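Working notes, structure below.
For the numbers below, each heavy atom of this structure counts, side chains included, while hydrogens, waters and symmetry mates do not. What you are looking at is a predicted structure, and each value in this text was computed from that prediction instead of being measured.
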There are 2 protein chains.
Amino acid sequence: MGDRTSRRKVTIREVAERAQVSISTVSHAFSGVRPISQATRDRVFAAAGELGYDPNPSARSLRTGRSGLVGLVLRPRYAVAHTRDRAETFNRLVGSVATEMLRRKVGLIHVPDLDDPATAGVPMDGCLVAHPYGGDGVLTELLRRNVPVVTIEEDPERPALPWAVRLDYTTAVTALLDHLAAQGADRIALLTGSEDNAWNRRPRETHETWCAEHGRSARTALLSESLSDAGAAGRIRRMLAGRRRPDAVVVATSDFAAIVTQVADELGLRVPDDLMVAALTDSEHSRRSHPPITAMDLSHEHLAAAGVDLMLARLAGAPTPDEPVVVAPDLRLRASTRRAGADDGDGRPRGPR
Amino acid sequence: MGDRTSRRKVTIREVAERAQVSISTVSHAFSGVRPISQATRDRVFAAAGELGYDPNPSARSLRTGRSGLVGLVLRPRYAVAHTRDRAETFNRLVGSVATEMLRRKVGLIHVPDLDDPATAGVPMDGCLVAHPYGGDGVLTELLRRNVPVVTIEEDPERPALPWAVRLDYTTAVTALLDHLAAQGADRIALLTGSEDNAWNRRPRETHETWCAEHGRSARTALLSESLSDAGAAGRIRRMLAGRRRPDAVVVATSDFAAIVTQVADELGLRVPDDLMVAALTDSEHSRRSHPPITAMDLSHEHLAAAGVDLMLARLAGAPTPDEPVVVAPDLRLRASTRRAGADDGDGRPRGPR
DNA sequence: ATCCCCCATCAAAAGGTTTTGATGGTGTGC
DNA sequence: GCACACCATCAAAACCTTTTGATGGGGGAT
């Protein structure tokens, strides 16, 4: 209160002097590690209050070896959130993780750049890595540093890493393909992104398996996430204009799924009657497209909650499952895959909500 | 590489020993503060690489007094993001700030709880406070601690605080009211939330001024953010069922604006012909309502970018404006306030987009 | 040949906390 | 009245870095 605008921070030593006790007594009074008499404690708190003391977190971490902070790393696709669609994904994931961390009163650090020596280390007790690539370098680096890591979605090349939360793509994508087939789809094409992560890999595998089991050829193509809208439209147009065009397409990126409906419209193809469309991630694009597009929701909220739980359990030394935690994606059936008179055959409710 | 899974971290001392140089030489080799001969530098880097050394961030911060991290605090309304609508706001704000920080390669910390002694301090060089309350306690605390603060939206009771980014509510709300009047609205009611922040205060003031200037009575009411949907619906029903009901309502929270349209529908009031509806924040609720609801978008992305810029300028000691930075909210006119045949009179384009 | 300066490196201090073995005084049990 | 235990407090070490004044040796200028 009486202080000038001194840049100088109050230290534990000054509190000790003012309260006429040793430094360790002040520390113990605050931490409660050892008993301190009531009278002394009062004097310490009074002194601390008058001086406006608050402990230096760096000094504390240096001594204890813990910071009480958890890092979060997102891989590039999200970091460069140029389109509104990608921004929604990024925001939802970051927001969910932040919400879960706040709820548990633990600080969360967005790690800017692990490799950049200029940005050098951040003090974190553990680190969440969301949507790692196959054999991700960031993961390698963190493991080398002995930082406890929990991944949200698994690194496809590190199936052995037990501390992970992953989506059950197999079930969800199979359900989606069954649904399309039930609605009368015959030639189902899959368009995944080119980034090598679980979200692109697993559905591709599931699609192949499903096609093999159903005696169909697995038509797939790449639609790189870095494509511009015009670029994506071009590739889609070529596919839909060709002979033996698919009668259903599953597109990973949902803004590109919306472009599929646009291109179909231009070509005079009716959705869903001539062409069914589905996306492997939900966003405003899929919800507001005409017609609304069936999409798999990545359940970022559940992923985040499970990931944070796992991390905190690990840091607390509590027992953790020795297999990845599995979260079910949410399949949102919409008009883009619902043909009049077709029967889904799986008993699912037909309408949204 | 050859290390066991030793919890033990490698320190600068071990690197120095291995490279046969002093500790300070290692430090200088990394920081480049003083020149080091090429031969020595090579030896140091080699030793560091072999040992897997990475500097301890806490020790560094302790010594330098800087952590390279910036904090972010959001006030409770967002922290408790129970509805999808509030979650969208929270996510967008958090995501935007995170994006801007990542772009500038600075770490961002979500501060869990400033007052909680258990959570104790986080090492931050500065702190962003988003949507502070009037005379906000968090702000008081941060200022007491001498932490450089930048607010996103201003604390209504601290107009003197120069380091702020604020929305220009006056212009936007005036434009909205003019628009409603041009569409034929006669009795315009305003329903703000009960939390005491700029977003609730400024529009109220603007509404009063505008009503006074146009010789109308300023009809206002509170619709607390903590109300359940049913609770909100009840209050709205009472208002719309009364004699001399308003013919236009501006509702702060956009999910409640959507409820206004529902209640109007139940009561047989047509939107916009019998009742116009507008919201003071945009969200999926307003966009997808029937009819879509005119809303003011809070431009979280611009707020975040400006706030981060301001903070980094402050921390770098660069000159900063001595007045709050002003950002214009985006007015999104939609069908809920557009009557057939009415003329807006201000030359604005009529369609969305 | 001498002086001076600069370059590369070193040693030591400082930064603020927590941890822990030691110390002195007070009360309990016999 | 003595030994023992315990309670409250203290002093010092440890955590790992960056910073800075000091040191020694080599080269250029005179």
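- For A:Arg63 against C:dT18, a side-chain N or O and a base N or O form a donor-acceptor pair under 3.5 Å.
- Each of C:dA8, D:dT17, D:dT9 was ranked by its minimum atom distance to the side chain of B:Ser37; first place goes to C:dA8.
- Looking at the side chain of A:Thr64, the nearest of the listed nucleotides D:dT19, C:dT19, D:dT9 is C:dT19.
- In this model, no donor atom of one side chain and acceptor atom of the other lie less than 3.5 Å apart for B:Arg60 and B:Ser31.
- Counting non-hydrogen atoms of neighbouring residues, nucleotides and ligands closer than 6.0 angstrom, the CZ atom of B:Arg144 exceeds 12 such neighbours.
- As rounded to whole Å, 13 Å separates atom P of C:dG16 from atom CD of A:Glu17.
- Rounded to whole angstrom, the span from the CZ atom of A:Arg60 across to the C1' atom of C:dT18 amounts to 9 Å.
- Atom-to-atom distance recorded for A:Leu303:CG and A:Leu93:CG is 7.5 Å, nearest 0.5 angstrom.
- Across all strands, B:Tyr53 comes closer than 4.0 Å only to sugar-phosphate atoms, never to a base (heavy-atom distances).
- Nearest-nucleotide positions on DNA chain C for B:Gln38 and A:Arg34 put B:Gln38 closer to the 5' end.
- For A:Asp54 against A:Lys9, the heavy-atom pair with the smallest separation is OD1-NZ, 3.0 Å.
- Atom CZ of B:Arg13 and atom P of D:dC15 are 9 Å apart (whole Å).
- Ranking C:dT9, D:dC10, C:dT18 by closeness to the A:His28 side chain, first place goes to D:dC10.
- Closest to the side chain of B:Ile23, out of D:dT18, D:dT19, D:dA8, is D:dT18.
- Atom-to-atom, CZ of A:Arg41 to P of D:dT9 comes out at 9 Å; the value is rounded to the nearest Å.
- Regarding B:Phe30, its CZ atom lies at a distance of 13 Å from the C1' atom of D:dT17, rounded to whole Å.
- Side chain of A:Ser24, nearest nucleotide from C:dT18, C:dT20, D:dT18: C:dT20.
- The nearest whole Å value for the distance from the CG atom in B:Asn56 to the C1' atom in C:dG16 is 14 Å.
- Listed here is the closest heavy atom pair of B:Val44 and B:Ala19: CA-CB, 4.0 Å.
- Between C:dG16 and A:Thr11, no contact under 4.0 Å exists linking OP1 or OP2 to a side-chain N or O.
- Summarising the geometry, the separation between CD1 on B:Ile12 and C1' on D:dA14 is reported as 17 Å, rounded to the nearest angstrom.
- One can place CD of A:Gln20 at 17 Å from C1' of D:dA8, the figure rounded to the nearest angstrom.
- Within the 4.0 angstrom heavy-atom criterion, base atoms lie near A:Leu62.
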